[in-house]
Q: 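Supplied in structure tokens, the structure appears directly below.
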Amino acid sequence: MGNIDRHSKTTNFSQKVMAIVTRIPEGQIMTYKQVAILAGSHKAYRAVGNILKKNYDRKIPCHRVVRSDGNIGQYNRGAIKKKELLKSEGYL
DNA sequence: GAGCTGACATGTT
DNA sequence: CAACATGCCAGCT
């Protein structure tokens with residue numbers, strides 16, 4: 001473990017965001033701001049979206065992260081697909 | 001090294 | 001009530 005990941009940016013913030021989003025249970029959703037707050041900054045909701053956008057990992061249910069207004073928001077695979085996924089999980 | 005971009009939020013007009 | 005403008009953070013060019 002004395003080797004740093006020089007390829008991945010994996011900063012403290014992105015790591016935290018990733019962990020939080022991964023922990024979101026099925027059928028449950030969180031807002032970008034909420035995730036940002038848990039990540040450490042209640043004003044980094046913009047960065048959260050950027051991180052999730054660059055993160056194509058299927059292990060991270062980024063589709064469970066929605067806007068504070070209740071709108072689904074955007075998605076790297078298509079906002080429509082995101083809506084379908086949320087509906088499929090039980091979130092209406 | 002500096003500047004621009006963006007999956008947002010909040011406030012004001 | 002709705003639309004416009006500004007602010008903020010981290011990542012990418």
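Chain identifiers are assigned alphabetically (A, B, ...) following the order of the sequence lines, protein sequences preceding nucleic acid strands; residue numbering begins at 1 within each chain. Keep in mind that what you see is a predicted model, and the values were worked out from it rather than measured.
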Q: Closer than 4.0 Å, any side-chain N/O of T11(A) to the OP1 or OP2 of dA10(C)?
A: no

Q: Tell me: CD of Q15(A) to C1' of dA10(C), nearest whole Å?
A: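 Distance check: Q15(A) CD to dA10(C) C1' gives 14 Å.
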
Q: Side chain of A44(A): nearest nucleotide among dC9(C), dA9(B), dA7(B)?
A: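 Side chain of A44(A) sits closest to dC9(C).
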
Q: Quick check for you: among dA9(B), dG6(B), dA10(C), whose closest atom lies nearest to any side-chain atom of K53(A)?
A: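 The answer is dG6(B).
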
Q: Within this structure, what is the CG-to-C1' distance between N76(A) and dG6(B), rounded to whole angstrom?
A: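 Taking CG of N76(A) and C1' of dG6(B), I get 13 Å after rounding.
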
Q: Just checking, any donor-acceptor pair under 3.5 angstrom between side chains of E84(A) and H63(A)?
A: no

Q: Measure the distance from CZ on F13(A) to P on dA10(C) and round it to the nearest whole Å.
A: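 Nearest whole value for this atom pair: 6 Å.
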
Q: With respect to the side chain of K43(A), which nucleotide from dC9(C), dA10(C), dA7(B) is positioned closest?
A: dC9(C)

Q: Look only at the side chain of K16(A) and the backbone of T11(A), and say whether a donor-acceptor pair between them is shorter than 3.5 Å.
A: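 Looks like no, no N/O pair under 3.5 Å.
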
Q: Report the distance from atom CG of N71(A) to atom P of dA7(B), rounded to the nearest whole Å.
A: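 The answer, rounded to whole Å, is 13 Å.
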
Q: Can you work out whether N50(A) or Y45(A) has the more 5'-proximal nearest nucleotide on DNA chain C?
A: Y45(A)

Q: For K53(A) and N76(A), indicate whether the former's side chain and the latter's backbone hold a donor-acceptor pair under 3.5 Å.
A: no

Q: Could you tell me whether a side-chain N or O of T31(A) sits under 3.5 Å from a main-chain N or O of Q34(A), the two making a donor and an acceptor?
A: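 Yes; judged by distance alone, with no hydrogens or angles, the pair exists.
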
Q: Go through dA9(B), dA7(B), dG6(B) for me and flag the one nearest to the K82(A) side chain.
A: dA7(B)

Q: Does R67(A) make a side-chain N or O approach to OP1 or OP2 of dA9(B) shorter than 4.0 Å?
A: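 True: R67(A) side-chain N/O within range (under 4.0 Å) of dA9(B) OP1/OP2.
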
Q: Grab the CD1-C1' distance between I51(A) and dC9(C) for me, whole Å please.
A: 9 Å

Q: Using atom OH of Y56(A) as one end and atom P of dG11(C) as the other, report the distance to the nearest whole Å.
A: 16 Å

Q: Just compare dA7(B), dA10(C), dA9(B) and give me whichever is closest to any side-chain atom of D69(A).
A: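 Of all the options, the side chain of D69(A) is nearest to dA9(B).
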
Q: Looking at CD1 of I29(A) and CZ of R67(A), how far apart are the two atoms once the value is rounded to the nearest 0.5 Å?
A: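 Between I29(A) CD1 and R67(A) CZ, I get 13.0 Å after rounding to 0.5 Å.
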
Q: When you check the phosphate oxygens OP1 and OP2 of dA9(B), does a side-chain N or O of T31(A) lie under 4.0 Å from one of them?
A: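 For dA9(B), OP1/OP2 do not have a side-chain N/O of T31(A) under 4.0 Å.
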
Q: Side chain of A47(A), heavy atoms from C-beta onward: which of dG7(C), dC9(C), dA7(B) has the nearest atom to it?
A: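 Minimum distance to the A47(A) side chain belongs to dC9(C).
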
Q: For M18(A) and dA7(B), what is the distance between atoms CE and P respectively, to the nearest whole Å?
A: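 It works out to 18 Å between those atoms.
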
Q: Under 4.0 Å, counting only non-hydrogen atoms across every strand here, what does S41(A) touch: a base, just sugar-phosphate, or nothing?
A: nothing

Q: Between the side-chain atoms of Y32(A) and the base atoms of dG6(B), is any donor-acceptor pair under 3.5 Å?
A: no

Q: Could you give the CG-to-P distance, from L86(A) to dA7(B), as a whole number of Å?
A: 17 Å

